[in-house]
S.K.: 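Handing you a structure now.
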Amino acid sequence: MRAATIIRCGQPPVVVSRPVPVPADGMVTVSVTAAPITPLDLLCASGTSYFGAPAVPYVPGVQGVGTLPDGTAVWFPTDAGMRPGDGSMAEQVTVPASTVIRLPAGADHRLIAALGLSAVAAWQALTWRGELRPGEQVVVLGGGGVVGQAAIQLARLAGARRVIAACRSAAAQERAHRLGADAVVPLHDTDDVPGLAERLQDATDGPVDLVLDPLFGIPAAAALRTLRRGGRLVNLGSAAGRSRRWTP
């Protein structure tokens with residue numbers, strides 16, 4: 001079978017021929033139909049992740065979609081790049097039977113693969129950790145990313161009365177508007193905490209109840225200034241880097 005394979009960390013994968021995997025006890029074989037490239041895949045393949053450099057060669061891909069031998073469509077995770085073993089970027093992969101999630105008939109495999117854990121992370125951050133309640137006002141930082149795009153829509157489904165997105169590129173800002181954000185605040189490389197906080201406050205209609213933050217750094221520090229007393233900020237990433245000196 002064909003498989004994208006990391007031969008050396010920090011280098012792009014190459015397509016090679018590998019043996020078809022044989023499932024051990026408790027494992028199932030999935031014929032892969034869609035596999036996304038996630039930030040975690042890139043981090044692991046770089047050899048600089050907090051899991052340590054992976055043993056090479058290995059097939060990357062921490063999640064994917066495919067079909068079981070009986071034709072059932074499933075989503076599945078893998079430990080590729082985090083532990084020894086291969087991932088989803090191959091024609092077939094074996095995974096623990098207990099980890100596969102059956103998909104509804106007719107589900108778009110590419111869409112499910114693209115959303116994957118990012119959509120789950122957005123939902124859990126908003127509802128389980130953020131305790132979003134109907135009628136609350138939400139700020140979504142990084143609204144142009146997959147997590148942010150999902151969060152804008154999921155906040156609406158959960159009953160938020162107003163959703164403000166903060167995005168970097170013009171394309172991301174347009175996307176956030178299209179997905180239902182009531183207001184979109186541009187993010188710039190030159191932002192400082194007071195200036196960005198003022199722009200966020202101008203976009204709200206009063207103190208914010210919940211901030212979803214996959215960025216950290218200056219955007220998070222600015223968003224903290226918009227929160228009401230008792231408001232919540234849920235962090236699930238640090239794409240904007242660290243901000244070591246700031247005052248909420």
Side-chain angles (χ1 to χ4, degrees), residues 36-39 108 110-241 243 246 248:
I37 300 174
T38 72
D108 184 327
R110 290 177 296 177
L111 179 60
I112 298 295
L115 291 172
L117 290 175
S118 296
V120 174
W123 178 250
Q124 291 286 78
L126 288 169
T127 60
W128 171 60
R129 187 61 70 185
E131 299 180 348
L132 175 61
R133 293 180 285 272
E136 291 192 321
Q137 182 170 218
V138 179
V139 168
V140 176
L141 300 177
V146 177
V147 171
Q149 291 178 63
I152 293 168
Q153 299 170 82
L154 292 169
R156 284 287 187 211
L157 291 174
R161 66 175 173 81
R162 185 170 175 83
V163 179
I164 298 94
C167 310
R168 186 170 297 277
S169 71
Q173 293 165 36
E174 192 279 328
R175 240 184 346 256
H177 274 299
R178 190 171 67 248
L179 293 174
D182 295 286
V184 178
V185 177
L187 296 175
H188 307 300
D189 291 335
T190 55
D191 280 333
D192 58 21
V193 172
L196 179 54
E198 183 176 358
R199 297 206 309 276
L200 288 170
Q201 288 165 342
D202 288 344
T204 69
D205 63 358
V208 169
D209 300 290
L210 175 63
V211 174
L212 185 76
D213 168 38
L215 300 183
F216 198 57
I218 287 173
L224 278 172
R225 296 191 178 190
T226 72
L227 283 174
R228 65 169 172 81
R229 183 178 296 275
R232 294 90 65 199
L233 181 146
V234 180
N235 173 265
L236 64 163
S238 56
S243 178
W246 49 266

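On a predicted model such as this, the values are computed, not experimentally measured, just so you know.
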S.K.: Is it the case that over 12 heavy atoms from other parts of the model lie below 6.0 angstrom from the CD atom of E174?
M.R.: yes
S.K.: Can you measure from CG (D205) to CG (D182) and round to the nearest 0.5 angstrom?
M.R.: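 That separation rounds to 8.5 Å.
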S.K.: Rounded to the nearest 0.5 Å, how far does OG1 of T204 lie from CG of L200?
M.R.: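 Rounded to the nearest 0.5 Å, the CG-OG1 separation comes to 8.0 Å.
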S.K.: Do you know which two heavy atoms are closest between P214 and L236, and how far apart they sit?
M.R.: N-CD2, 4.1 Å
S.K.: How long is the span from the CG atom in D213 to the CG atom in L233, to the nearest 0.5 Å?
M.R.: 5.0 Å
S.K.: Mind checking the CZ-CZ spacing from R161 to R133? Nearest 0.5 Å is all I need.
M.R.: 13.0 Å
S.K.: Quick one: does D191's side chain get under 4.5 Å of P219's, heavy atoms only?
M.R.: no
S.K.: Quick one: closest heavy-atom pair of L210 and L227, and the distance?
M.R.: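 Heavy atoms of L210 and L227 come nearest at N-CD2, 4.1 Å.
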S.K.: Grab the two heavy atoms, one from L212 and one from A125, that are nearest each other, plus how far apart they are.
M.R.: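 Minimum heavy-atom contact is CD1-CB, 3.2 Å.
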S.K.: Donor-acceptor pair, R175 side chain versus Q149 backbone, under 3.5 Å?
M.R.: no
S.K.: I need the minimum non-hydrogen distance between A176 and A165, along with the two atoms involved.
M.R.: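 Shortest heavy-atom separation between A176 and A165 comes out as CB-CB, 3.9 Å.
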S.K.: Could you point out which residue of R228, Q137, R232 forms a side-chain hydrogen bond (donor to acceptor under 3.5 Å, both in side chains) with D209?
M.R.: R228
S.K.: Locate the shortest heavy-atom distance separating L132 from A158; write the atom from each residue and the value.
M.R.: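 Taking L132 first and A158 second, the nearest heavy atoms are CD2-CB, 3.7 Å.
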S.K.: Looking at CZ of R156 and CG of L126, how far apart are the two atoms once the value is rounded to the nearest 0.5 Å?
M.R.: 12.5 Å
S.K.: Crowded around R110 CZ? As in, over 12 foreign heavy atoms under 6.0 Å?
M.R.: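 At most 12 heavy atoms, drawn from other residues, nucleotides or ligands, come within 6.0 Å of this atom.
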S.K.: Mind checking the CD1-CG spacing from I152 to L157? Nearest 0.5 Å is all I need.
M.R.: 12.5 Å
S.K.: If you look at every heavy atom in V211 and A223, which pair is closest and at what distance?
M.R.: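 Heavy-atom minimum between the residues: CG1-CB, 3.8 Å.
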S.K.: Check whether more than 12 heavy atoms from other residues, nucleotides or ligands sit under 6.0 Å from atom CG of L111, and answer yes or no.
M.R.: yes
S.K.: Could you check R168 against D189 for side-chain contact (heavy atoms from CB on, under 4.5 Å), going step by step and ending with a plain yes or no?
M.R.: CA-CA 9 Å; R168 186 170 297 277; D189 291 335; 2.5 Å; yes
S.K.: Would you please test L196 and V185 for side-chain contact (heavy atoms from CB on, under 4.5 Å) and show each step?
M.R.: CA-CA 9 Å; L196 179 54; V185 177; 4.1 Å; yes
S.K.: Within the structure provided, determine whether L215 and L187 are in side-chain contact (heavy-atom separation under 4.5 Å).
M.R.: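 The answer is yes, as the side chains (C-beta and beyond) meet within the 4.5 Å cut-off.
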